[in-house]
Amino acid sequence: MLLILFCLFIAVVLVQFLYYVVFFGKFSFAKPQNTTPKRVPISVIVCAKNEGENVKNFIPLLAQQNYSDYEIVLIDDASSDETLEIFEGFEKKYPNVRLVKVENNEAFWGNKKFALTLGIKAAKNEYLLFTDADCYPKTTEWIKEISTQFTKEKTIVLGYGAYEKIKNSFLNKIIRFETLMTATQYFSWAKLGKPYMGVGRNMAYKREEFFKTNGFIEHMKIRSGDDDLFINEASNSKNTTICFTHDSFTYSKPKTTFKEWFTQKRRHVATATYYKSFDRIQLAIFYCSQLLFIVLPIVLLAFQFQWIIVTCLICFRYIFAWISLGFAAGKLKEKDVIYWFPIIEITLIACQLNIFISNAFSKTVEWK
């Protein structure tokens, strides 16, 4: 039995090498991105529901973008706070702001995808750039940087949505490491020609891609997934590219309690169960190899079975994983979390296992 576990552990390390070095290396070790300025008309779309404080602070930052031809489409999804009133004030203040008011619809009660659909149809431009109500661009060059990646063939652009740093917060390090890990994965698979997700905090596509898939119709009943499920359905090797220049980043305020973050991750994991078969399988293989890499060495070392080889394999795996993620972290300005890699990784694996179990026995929380 120990011999079987030992062979399985070797296989797990090889799988990890394949992911971290071969697959993730496509992004981690990629050269700096070249950008060619373009001036395509852009519609920035923001959907908000009860986000009064956030939109008050962040929408003015969108209005200050250094881009000559863009509009901001503000969608109020039947808010019960002052969001609509704030949006109406922005519409009067900024000539390039377009307001879409969404009333509760019995067939689509509280469905963000319904609200987004109305906003997409109302936008006057063909190129659409999405962000969330609690997000803001890093610089005034955000629209320009994302737009540089559009070509005649590349009509979907996946960007990076980061989270603000909070000093002396281990939870914040977990959140930012998990965000780094997720971005490394979807950027890498996009470069491999198998794009499978994007984040609504920072992504763009041409409106024709939306209508090619009949919008969100295939997953309208699933409250979440307006970003990753749409990309999973619409993207392919020919139409999708990525943007990871520093000026293209957006930032969000992270959760400050473990309970809030755990609830958010439960929703994300539940949505992933609707991905295409290949994407679900490759994600499952990776996370299973992560879990087995922690469990198998504990058993083998407890019985001192081939402990020298096992120890060397553990060190080898941490070296190549650390290097690969380190290069990715450098590109995404998240280097400080890499120092905590082993501890955060074990914590995340435990959390993910808890999430899978929780989702199996109870429903997740939907859009506000």
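Tracing side-chain contacts under 4.5 Å through hydrophobic residues (I, L, V, M, F, W, Y), one reaches Phe6 starting from Val13; they form part of the same cluster. When the side chains of ILVMFWY residues are joined at heavy-atom separations under 4.5 Å, either directly or via intervening members, Leu99 and Leu116 end up in two distinct hydrophobic clusters. In this structure, Tyr318 is a member of the same hydrophobic cluster as Val15, with clusters built from ILVMFWY side-chain heavy atoms closer than 4.5 Å.
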(request) Step by step, work out the side-chain contact (heavy atoms from CB on, under 4.5 Å) result for Leu332 and Phe27. (result) CA-CA 11 Å; Leu332 301 179; Phe27 170 67; 3.9 Å; yes
(message) Using the rule given for side-chain hydrogen bond (donor to acceptor under 3.5 Å, both in side chains), can you reason through Thr250 versus Thr131, listing the C-alpha separation, both sets of side-chain angles and the distance that settles it, and then say yes or no?
(response) CA-CA 8 Å; Thr250 61; Thr131 190; 4.7 Å; no
(message) Would Met203 and Tyr160 count as a side-chain contact (heavy atoms from CB on, under 4.5 Å) here? Give the steps.
(response) CA-CA 8 Å; Met203 57 185 281; Tyr160 181 54; over 6 Å; no
(request) List the steps, then state whether side-chain contact (heavy atoms from CB on, under 4.5 Å) holds for Val102 with Ile75. (result) CA-CA 7 Å; Val102 181; Ile75 310 166; 3.7 Å; yes
(request) Please lay out, stage by stage, how Val299 and Met1 fare under the test side-chain contact (heavy atoms from CB on, under 4.5 Å). (result) CA-CA 11 Å; Val299 177; Met1 179 60 71; over 6 Å; no
(request) Begin with the C-alpha distance, continue with both residues' side-chain angles, and end with the deciding distance and a verdict on side-chain hydrogen bond (donor to acceptor under 3.5 Å, both in side chains) for Glu51 and Thr83. (result) CA-CA 6 Å; Glu51 294 277 5; Thr83 298; over 6 Å; no
(request) Evaluate salt bridge (Lys or Arg N to Asp or Glu O under 4.0 Å) for Glu178 paired with Lys265, printing each intermediate quantity in order. (result) CA-CA 10 Å; Glu178 193 271 339; Lys265 297 316 299 177; 2.9 Å; yes
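Side chains of Tyr275 and Asp228: a donor on one and an acceptor on the other come within 3.5 Å. Side chain to side chain, Thr140 and Asn66 fail the donor-acceptor criterion of an N or O pair below 3.5 Å. Counting only N and O atoms by type, the side chains of Glu260 and Thr257 include a donor and acceptor under 3.5 Å apart. Looking at Gln16 and Gln290, their side chains do bring a donor and an acceptor atom within 3.5 Å of each other. If you check the side chains of Thr36 and Thr148, you find no donor sitting under 3.5 Å from an acceptor. Side-chain contact annotation: Lys331 with His246, donor-acceptor N/O pair under 3.5 Å absent. Judged by distance alone, the side chains of Thr245 and Gln33 never bring a donor and an acceptor atom under 3.5 Å apart.
Side chains of Pro137 and Gln65 form a contact here, defined as non-hydrogen atoms less than 4.5 Å apart. Counting heavy atoms from C-beta outward, Ile344 and Lys173 have side chains that approach closer than 4.5 Å. Contact of the Gln306 side chain with the Leu2 side chain is not registered, since no non-hydrogen atoms from C-beta on lie closer than 4.5 Å. By the 4.5 Å heavy-atom criterion applied to side chains, Leu128 and Glu126 are not counted as neighbours. Under the 4.5 Å side-chain criterion, counting only non-hydrogen atoms from C-beta, Leu229 is in contact with Thr271. Taking the side chain as every heavy atom from C-beta outward, Ile120 and Phe130 approach each other to under 4.5 Å. Between Tyr127 and Asp69, the closest side-chain pair of non-hydrogen atoms is not below 4.5 Å.
Note that the CZ atom of Phe24 and the CZ atom of Phe187 stand 13.5 Å from one another [nearest 0.5 Å]. Atom SG of residue Cys351 and atom CZ of residue Arg266 lie 13.0 Å apart, to the nearest 0.5 angstrom. Taken from CG in Leu5 to CZ in Phe303, the straight-line distance is 9.5 Å, to the nearest 0.5 Å. With values rounded to the nearest 0.5 angstrom, Asp247 atom CG is found 13.0 Å from Trp142 atom CH2. Rounding to the nearest 0.5 Å places OG of Ser28 at 6.5 Å from CG of Leu325. If you take CD1 on Ile309 and CG on Leu300, they are separated by 10.5 Å, rounding to the nearest 0.5 Å.
Residues satisfying the side-chain contact (heavy atoms from CB on, under 4.5 Å) criterion with Val157, sequence neighbours excluded, are Ile146, Gln149, Phe150, Ala204, Thr241, Cys243. Considering only residues two or more places apart in sequence or on other chains, Phe278 meets the side-chain contact (heavy atoms from CB on, under 4.5 Å) condition with Trp189, Lys194, Gln282.
In this structure, Tyr94 and Phe90 have tilted ring planes: the angle between them lies in the 30° to 60° band. Ring geometry for Trp261 against Phe258 counts as tilted: the plane angle lies between 30° and 60°, on a 0 to 90° scale.
Minimum heavy-atom separation, Gly25 to Ser324: N-OG, 4.5 Å. Here the shortest heavy-atom pairing between Phe230 and Asp226 reads CB-O, 3.5 Å. Scanning all heavy atoms of the two residues, the minimum distance from Ser248 to Glu145 falls at CB-CB, 3.8 Å.
The closest donor-acceptor contact from the side chain of Asn172 to the backbone of Asn168 lies at 3.5 Å or more, if one exists at all. Between the side chain of Thr213 and the backbone N or O of Ala234, no donor-acceptor pair lies under 3.5 Å. Within the 3.5 Å criterion, the main-chain N or O of Asp134 finds no donor-acceptor partner in the side chain of Asp132. With hydrogens and angles ignored, the 3.5 Å screen pairs no side-chain donor or acceptor of Lys101 with any backbone N or O of Asp76. Side-chain atoms of Arg207 come within 3.5 Å of backbone N or O of Ala123 as a donor-acceptor pair. A donor-acceptor pair is defined here as one N or O able to donate and one able to accept, closer than 3.5 Å; such a pair exists between the side chain of Thr273 and the backbone of Ala270.
Few gaps surround NZ on Lys38; more than 12 heavy atoms of other groups in view lie less than 6.0 Å from it. Enclosure of atom NZ in Lys333 is not indicated, since only 12 or fewer non-hydrogen atoms of other residues, nucleotides or ligands lie within 6.0 angstrom. Around atom NZ of Lys26, no more than 12 heavy atoms belonging to other residues, nucleotides or ligands sit under 6.0 Å away.
Note that Arg280 lies outside the cation-pi zone of Tyr196, set by a 6.0 Å cut-off to the ring centre and a 45° limit from the axis. Geometrically, Arg317 engages Phe293 in a cation-pi contact defined by less than 6.0 Å to the ring centre and at most 45° from the axis.
Taking the six-membered ring for Trp and the full ring otherwise, Tyr20 and Phe286 have centroids separated by under 6.0 Å. Between Phe320 and Phe17, the ring centre distance stays below 6.0 Å. Under the 6.0 Å cut-off for aromatic ring centres, Phe114 and Phe216 do not qualify, their centroids lying 6.0 Å or more apart. A ring-centre distance under 6.0 Å is found for Phe177 and Phe341. Not less than 6.0 angstrom separates the ring centroid of Phe249 from the ring centroid of Phe244.
Ile319 belongs to a hydrophobic cluster whose remaining members, ordered by chain and number, are Phe29, Ile323, Phe327; membership requires side-chain heavy atoms of ILVMFWY residues under 4.5 Å apart, directly or through intermediates.
When each of Cys7, Cys288, Ser289 is checked for a side-chain contact (heavy atoms from CB on, under 4.5 Å) with Val12, only Ser289 meets the rule.
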